[in-house]
Amino acid sequence: MKISGCCRIHQNKVLVNGKKYFASDNSQHDELSMQLYRFLKTEYPKFYKMDLLSKMGFLATEIICQTTSAISKFADDEIALLFANSHSCSESDERFNHSFKVEKSPSPAQFVYTLPNILLGELAIRNKWYGENLFTLLPAFSAEYFSSQAGIFVPQKAKALLCGWVNLFPVTDVFVFFAESNSETAQEILDSKEIEHWYNNIK
Amino acid sequence: MIYIGAETILSPNGNTKDCFRKIAEKKSGVSKITGNGFNGESFYCSMFSDSRPDFNTLAVQTIEQLLEKSKANLLTEESTLLIISTTKGDLSKGFENAIVSPAKFLYEKYKLKHFPFSISNACASGVMAINAAAAFIENKQYQNVIVLGIDMITDFIVYGFQSLYAISDEPCKPFDSERKGINLGEGAGAVLLSANKDVFTTTPVCYLSGSSSNDANHISGPSRTGEGLFRSVNKTLSASAIKTENIDFISAHGTATVFNDEMEAIAFNRLNMQHIPVNSFKGFTGHTLGAAGVIETALCITCMHENTLLPSAGYYTKGTSIELNLITQAASATINTVLKTASGFGGCNASLLLQKIK
């Protein structure tokens with residue numbers, strides 16, 4: 001397998017396929033996500049309702065869809081969404097907790113975001129993707145994890161993968177990449193060194 | 001061949017055997033909790049009563065019970081992986097650490113060779129975790145995978161589902177015309193999947209195939225056409241040699257919300273499965289969220305061994321646009337092949353097929 005497109009958001013910088021794509025003057029999550037949304041010129045009102053985890057995953061995926069032409073050649077259920085992070089949806093958990101503990105009014109709009117896989121639902125709705133979707137919790141970013149999952153999903157369960165690491169704490173640390181088959185051979189390996197390379201490429 | 005067994009449940013209804021027997025006798029673990037709603041409301045749920053275990057203790061007890069049904073030292077072998085299925089983990093460890101903290105605890109306590117993965121895919125987590133386990137074995141990355149499904153009832157969860165008006169003020173009635181919503185539940189379930197039949201000290205069954213699909217429709221509402229569930233079951237069927245007419249029993253998700261159960265009925269009808277005996281275990285166990293898929297798969301395996309179809313609680317009158325063949329009393333039957341399904345927020349749907357060893 002090969003990585004045919006990747007988006008890296010680190011602190012206030014956005015890189016696409018290793019090249020500088022956007023830089024914000026502000027590394028605060030809210031500011032960064034809104035600046036990037038405006039920069040992309042995307043019109044998608046549902047974006048405003050999303051929690052930060054979904055916003056970050058959504059923005060990185062929008063960038064990949066805009067810059068990676070290969071993604072459009074796959075049918076609606078051929079792309080598996082494999083996302084992970086270390087802190088789940090803790091930011092939304094805090095907000096919902098605040099709504100009932102401090103505001104004394106449990107917020108249903110915040111409660112629905114207290115599951116990390118809601119991000120996958122947002123991506124599926126936006127792109128009409130009906131394929132496999134899995135959200136995993138890992139203690140830290142692991143190129144080996146994505147490499148091993150790639151071997152499982154392609155070709156048995158999917159033809160291509162959209163993989164994502166979306167961590168918001170302690171700093172914005174987002175890495176989303178699109179990987180597809182690059183040969184007709186049965187052996188499908190996505191080299192963890194290739195994943196590691198793009199993840200570490202943040203200069 | 002992938003084997004699945006060592007089925008283990010620790011729930012307010014007791015262990016695997018107790019749970020099976022009580023469901024057969026239609027004794028529910030669901031009871032009334034007085035005054036614990038956000039505004040002091042009473043509600044029904046399945047909760048441990050005396051000496052309620054903390055998250056890690058329940059996890060350990062469940063794993064220990066599973067290990068009694070498997071080869072010695074299996075847990076700490078190089079070729080063994082632990083996968084944890086949970087929606088919220090242990091919230092007492094703080095929101096950021098709630099899920100990874102129990103994984104770290106188990107990793108250190110048992111000196112595991114691999115750090116456990118945790119899967120958090122809403123109410124489909126359990127079925128997805130079992131599917132992930134099978135895929136690891138099929139791909140020869142591990143020989144054995146233990147899947148632990150676990151979730152506890154907290155104020156956070158109760159207030160959240162209350163805010164969505166999803167909690168019933170009476171024992172839940174999956175697929176019935178009078179259904180009003182869910183009963184929450186807590187507990188843990190565990191199963192062992194392995195490429196090697198000899199690691200089991202009780203008889204396992206075969207795991208045939210499994211898949212997931214997204215509805216691509218709504219983050220908190222089920223698809224009105226059952227699209228994701230329909231697609232997932234179709235993929236699961238086509239990945240095995242099983243045809244619809246071979247399926248003896250469906251363990252549905254059946255949360256008892258108006259929209260979920262209707263979605264499932266529509267999907268099963270589109271799959272031409274409306275006549276197959278079906279139940280929901282939620283009326284007996286409550287909805288145990290991330291544990292549900294594992295607990296219910298453990299119950300399915302028990303049903304296969306006991307040649308018994310277990311009933312659904314609270315079903316009296318058809319409550320979906322398409323009538324399903326709900327099991328209302330325990331009944332003897334040869335159960336060779338079982339379909340287990342689950343659906344959850346985020347539009348996720350998952351399914352898997354089990355078959356008795358021939």
Side-chain angles (χ1 to χ4, degrees), chain A residues 46 49-50 54 76-77 80-81 84 86-94 96-97 99-101 104-140 142 145 148-149 151-153 156-157 169, chain B residues 38 83-84 86-89 91 94-100 103-104 107 115 117-125 128-129 131-132 135-136 138-139 141 155-165 211-220 227-228 231-232 235 239 344-348 350:
Chain A
K46 283 194 179 98
K49 288 197 304 183
M50 293 179 196
S54 292
D76 64 7
D77 60 353
L81 308 179
S86 73
H87 59 70
S88 188
C89 44
S90 58
E91 199 258 348
S92 278
D93 291 344
E94 297 279 6
F96 177 67
N97 195 51
S99 80
F100 70 80
K101 281 220 171 113
K104 305 292 179 199
S105 172
S107 161
Q110 278 155 10
F111 181 65
V112 295
Y113 282 98
T114 64
L115 293 162
N117 68 299
I118 297 298
L119 158 59
L120 306 180
E122 294 285 12
L123 299 182
I125 293 165
R126 165 66 169 165
N127 297 288
K128 287 285 153 207
W129 284 330
Y130 295 88
E132 291 273 347
N133 53 127
L134 188 67
F135 200 101
T136 306
L137 277 291
L138 306 170
S142 164
Y145 170 76
S148 107
Q149 287 292 315
I152 282 172
F153 275 87
Q156 296 92 333
K157 292 168 180 275
F169 308 108
Chain B
F38 184 72
I83 297 181
I84 302 166
T86 185
T87 59
K88 297 310 298 172
L91 289 178
F95 294 123
E96 279 192 43
N97 296 316
I99 297 183
V100 170
K104 186 162 178 274
Y107 176 65
F115 195 94
F117 294 136
S118 302
I119 287 177
S120 186
N121 241 90
C123 305
S125 299
M128 285 193 185
N131 288 342
F136 274 124
E138 198 174 341
N139 209 41
Q141 294 188 22
D155 288 346
F156 185 102
I157 287 296
V158 172
Y159 301 165
F161 280 98
Q162 275 191 309
S163 78
L164 296 173
Y165 298 99
S211 71
S212 73
S213 275
N214 200 288
D215 285 331
N217 174 66
H218 195 278
I219 55 166
S220 57
E227 187 64 22
R231 286 187 186 230
S232 171
K235 282 196 284 187
F345 282 174
C348 56

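Per chain, numbering begins at 1; letters A, B, ... match sequence-line order. Given the structure is predicted, the values throughout are model-derived calculations rather than measurements.
- Looking only at heavy-atom pairs under 4.5 Å with chain A, the residue among B/Ala350, B/Gly347, B/Ala135 that has the most is B/Ala135.
- Side-chain contact between A/Gln156 and B/Asn139: present, with at least one pair of heavy atoms (C-beta onward) separated by less than 4.5 Å.
- The shortest heavy-atom contact between B/Val100 and A/Leu137 is CG2-CB, 4.2 Å.
- In this structure, chain A has a heavy atom under 4.5 Å from the side chain of B/Lys235, while its backbone stays farther away.
- Here the CZ atom belonging to B/Arg231 is positioned 5.0 Å from the CG atom belonging to A/Asp77, to the nearest 0.5 angstrom.
- Most heavy-atom pairs under 4.5 Å with chain B, from the set A/Ser105, A/Ala80, A/Pro106, A/Gly151: that is A/Pro106.
- Looking at A/Ser88, the atoms closer than 4.5 Å to chain B (heavy atoms on both sides) all sit in the side chain, from C-beta outward.
- Per-residue counts of heavy-atom pairs under 4.5 Å with chain A were compared for B/Ala239, B/Ser118, B/Ala122, B/Ala129; the largest is that of B/Ser118.
- To the nearest 0.5 Å, the span separating OG on B/Ser220 from CD1 on A/Ile118 amounts to 7.0 Å.
- For the pair A/Lys46/B/Ile219, no side-chain contact is recorded, criterion being any heavy-atom separation below 4.5 Å from C-beta on.
- For A/Phe100, the parts lying near chain B are the backbone and the side chain together; criterion is any non-hydrogen pair under 4.5 Å.
- For B/Glu227, the part sitting under 4.5 Å from any heavy atom of chain A is the side chain, from C-beta outward, and nothing else.
- Atoms OG and OH, on B/Ser213 and A/Tyr130 in that order, are 10.5 Å from each other to the nearest 0.5 Å.
- Considering CG of B/Asn214 and CG of A/Asp76, their distance stands at 11.0 Å, rounded to 0.5 Å.
- In this structure, the portion of B/Phe38 lying under 4.5 Å from any heavy atom of chain A is its side chain and not its backbone.
- Considering only heavy-atom pairs separated by less than 4.5 Å from chain A, the leading option among B/Gly346, B/Ser163, B/Ala124, B/Ala103 is B/Ser163.
- A/Ser148 and B/Phe136 make their closest contact through OG-CE2, 3.6 Å (heavy atoms, listed as atom of the first residue, atom of the second, distance).
- Annotation: side chain of A/Phe111 is not in contact with side chain of B/Tyr159 (no heavy-atom distance under 4.5 Å).
- For the pair A/Pro108/B/Tyr165, no side-chain contact is recorded, criterion being any heavy-atom separation below 4.5 Å from C-beta on.
- Proximity to chain B is absent for every atom of A/Phe153, based on heavy atoms less than 4.5 angstrom apart.
- Counting heavy-atom pairs closer than 4.5 Å to chain B, the top-ranked of the candidates A/Ser90, A/Gly121, A/Ser107 is A/Ser90.
- The main-chain N or O of B/Ser212 is never found under 3.5 Å from a side-chain atom of A/Asn133 such that the two would form a donor-acceptor pair.
- Annotation: side chain of A/Leu120 is in contact with side chain of B/Asn121 (closest heavy-atom distance under 4.5 Å).
- The line from OG1 of B/Thr87 to CG of A/Asn117 is 9.5 Å long, rounded to the nearest 0.5 Å.
- Heavy atoms closer than 4.5 Å to chain A are found in both the backbone and the side chain of B/Glu96.
- Counting non-hydrogen atoms of neighbouring residues, nucleotides and ligands closer than 6.0 angstrom, the NZ atom of A/Lys128 exceeds 12 such neighbours.
- With A/Lys157 contributing its side chain and B/Ser211 its backbone, the two residues share no donor-acceptor pair below 3.5 Å.
- With a 4.5 Å cut-off on side-chain heavy atoms, B/Leu164 and A/Val112 count as touching.
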